[in-house]
Amino acid sequence: MILACLGRIVQDTDACSIPDDDVSTISQSLDLQGTIESGGIQGVADKDFGGIYSVKPLALVKPSGTEDIARVVKAASRTSHLTVAARGNGHSINGQAMADGGLVIDMRSTEESHFKLLRIGGSSYIDVSGGALWEDVLKRCVSMFRLAPRSWTDYLGLTVGGTLSNAGVSGQAFRYGPQTSNVTELEVVTGKGEILVCSENQNSELFFGALGGLGQFCIITRARVKLQPAPDMVRWIRVVYSEFEEFARDAEFLVTRGEGESFDYVEGFVFSNSDDPINGWPSVPLDPDHEFNPAQIPQTAGSVLYCLEVALHYHHSDHTSTVDSAVIGLLERLGFARRLRFQVNVSYMEFLLRVKRVEEHARANGIWDSSHPWLNIFVSKSSIVDFDRTVFRNMLKDGVGGPMLIYPLLHSKWDDRTSVVLPEGEIFYIVALLRCVPKGPSVEKLVAQNHEIVQWCNKEGLDFKLYLPHYQSKEDWKRHFGNQWSRFVERKFSFDPMAILAPGQKIFKRSNINRN
Ligand code: FAD
């Protein structure tokens with residue numbers, strides 16, 4: 001049922017009590033340009049990529065723009081306990097974009113609100129909607145301007161606001177930092193329903209709070225993203241190691257070298273030393289014509305192997321010999337198993353959209369809608385060897401039914417003023433266990449195994465932080481934020497004092513007292 005939303009606007013000062021569960025009263029108070037729906041929304045607002053949690057919202061709002069979003073938040077603030085969750089593309093794992101009995105805002109309906117190229121001080125930027133998908137930002141920037149954002153996620157079917165609320169990490173982050181280090185201005189709606197523009201110099205606490213802020217302080221409606229000239233082509237290479245120490249040494253060597261002295265993209269993954277089609281050798285080659293010859297695996301290899309994945313940008317105008325010599329110059333310094341090297345040349349767009357091909361394949365096989373009990377962790381360099389020994393080589397030696405990513409990042413490329421929390425030290429690794437399993441009892445076992453890994457990290461005193469964190473208790477959140485907790489709480493009090501926003505993160509409880 002679509003509820004007509006052409007009712008009278010309730011005055012802002014009219015802090016009357018709207019019954020919390022009465023959608024028609026709420027909708028009448030909104031005067032939305034967009035729509036609000038309370039029926040037929042199952043499978044959208046109560047579902048996410050994780051496929052583990054499901055809670056029923058009161059209604060799904062499809063705003064037409066920022067003003068609509070502000071009206072929704074203000075209306076919620078006039079009730080005693082309504083919450084509001086911005087839903088990007090619902091690609092969270094643990095219900096982070098859901099609102100139990102609250103209002104879910106479908107940010108995708110605002111994706112066309114902003115798209116404008118700017119030149120500021122000789123640099124290029126694009127203003128995009130918080131609800132835009134990164135894949136659309138890529139396609140439009142490249143086709144219209146031959147420009148592209150500098151820092152990505154592996155998969156681009158994610159929204160700008162959704163990844164900026166976490167960090168946004170991929171193989172370019174070692175050079176440019178996460179996506180949160182590549183935006184200079186945001187337009188947001190705070191938990192008080194105010195529409196504000198913020199940047200390093202304007203409302204800076206709100207700006208840095210929003211970046212990596214898990215949606216706790218505001219809803220991002222527009223972001224100004226740094227651009228660079230887009231290359232035409234990418235040489236995409238995978239090389240294999242039997243020893244973790246050598247893999248890590250080479251990966252760290254590449255991420256600590258300057259531009260022009262390294263690849264443009266550096267990632268890595270662990271795979272099982274077996275012929276398992278998903279978890280083993282067949283997961284490495286980049287082309288169906290490439291063959292992984294197990295006879296080339298060093299004799300010393302154990303239960304798992306390591307793949308370093310790198311890429312070099314180039315232009316159509318570059319001679320093949322120039323690209324070849326740049327690649328050879330870099331690879332000859334690395335200690336991989338010489339005959340276990342795979343490479344292809346693909347267009348820049350094909351490279352950045354590589355996980356889209358995986359998605360298409362998974363959808364065709366009916367497994368995209370499986371459960372995904374993923375675990376993402378940042379582990380410091382000082383703890384990564386222990387982590388490899390116990391978790392990869394032992395607990396997960398047979399794989400997780402999907403990629404097990406591991407690659408180094410540099411703390412100095414992140415801004416400590418944002419809300420993201422990281423382990424200590426300059427070099428830390430992102431570890432991503434991208435599990436894919438049919439829905440059923442095995443999901444619970446895998447969630448339990450994720451807990452076991454985190455418990456083990458805690459018990460052994462590893463220096464780590466969860467990425468895309470998920471905790472149930474305030475104590476765990478406090479531990480997660482550590483000495484940043486009081487700053488996080490102060491930001492909450494300042495920008496969302498009634499704890500209306502992003503209830504699915506389960507950090508703060510909705511209050512009906514405005515603590516400001
Ligand atoms: P949602 O899941 O819809 O929302 C996430 C959180 O942000 C929720 O709390 C929500 O309320 C809040 N939110 C959403 N939009 C806004 C907004 N506009 N303003 C404020 N808060 C908002 N992450 C990486 O860093 N690197 C990767 O390579 C990567 N690859 C991925 C691949 C796949 C297949 C999937 C499913 C996820 C991947 N992720 C990756 C994780 C991704 O960054 C998170 O899922 C993130 O939440 C973005 O998803 P979304 O846009 O669907 O946001």
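Atoms within each ligand, like the ligands themselves, are counted from 1 in listed order. What's counted below: heavy atoms across the whole structure, side chains too, no hydrogens, waters or symmetry copies. One is the number of the first residue; the rest follow in order along the sequence.
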Out of Asp276, Val304, Val240, which one pairs with Phe271 under the side chain to side chain contact (heavy atoms under 4.5 Å, CB included) rule?
-> Val240

Taking the six-membered ring for Trp, are Phe174 and Tyr407 ring centroids under 6.0 Å apart?
-> no

What is the distance from atom CG of Asp127 to atom OG1 of Thr184, rounded to the nearest 0.5 Å?
-> 8.0 Å

Is it the case that Ser181 and Asp415 place a side-chain donor and acceptor less than 3.5 Å from each other?
-> no

Among all residues two or more places apart in sequence or in another chain, which pass the side chain to side chain donor-acceptor pair (under 3.5 Å) test with Asp68?
-> Ser64, Arg71

What are the polar N/O contacts of ligand 1 with the protein below 3.5 Å, with distances?
| from | atom 1 | to | atom 2 | distance (Å) |
| --- | --- | --- | --- | --- |
| ligand 1 | 2 (O) | His91 | N | 3.2 |
| ligand 1 | 2 (O) | Ser92 | N | 3.0 |
| ligand 1 | 2 (O) | Ser92 | OG | 2.5 |
| ligand 1 | 3 (O) | Gly88 | N | 2.7 |
| ligand 1 | 3 (O) | Asn89 | N | 3.4 |
| ligand 1 | 3 (O) | Gly90 | N | 3.0 |
| ligand 1 | 9 (O) | Gln96 | O | 2.9 |
| ligand 1 | 9 (O) | Gln505 | NE2 | 3.0 |
| ligand 1 | 11 (O) | Ala86 | O | 2.6 |
| ligand 1 | 18 (N) | Ile220 | O | 2.9 |
| ligand 1 | 19 (N) | Ile220 | N | 2.8 |
| ligand 1 | 21 (N) | Ser165 | OG | 3.1 |
| ligand 1 | 25 (O) | Val169 | N | 2.8 |
| ligand 1 | 25 (O) | Tyr467 | OH | 2.6 |
| ligand 1 | 26 (N) | Val169 | O | 2.7 |
| ligand 1 | 28 (O) | Asp154 | N | 2.7 |
| ligand 1 | 28 (O) | Val169 | O | 3.3 |
| ligand 1 | 45 (O) | His91 | O | 2.8 |
| ligand 1 | 47 (O) | Asn166 | ND2 | 3.2 |
| ligand 1 | 51 (O) | Asn89 | N | 3.4 |
| ligand 1 | 51 (O) | Thr159 | N | 2.8 |
| ligand 1 | 51 (O) | Thr159 | OG1 | 2.7 |
| ligand 1 | 52 (O) | Asn89 | N | 2.8 |
| ligand 1 | 52 (O) | Gly90 | N | 3.0 |
| ligand 1 | 52 (O) | His91 | N | 2.8 |

Is the Lys NZ or Arg CZ of Arg354 less than 6.0 Å from the centre of Phe351's six-membered ring, within 45° of the axis?
-> yes

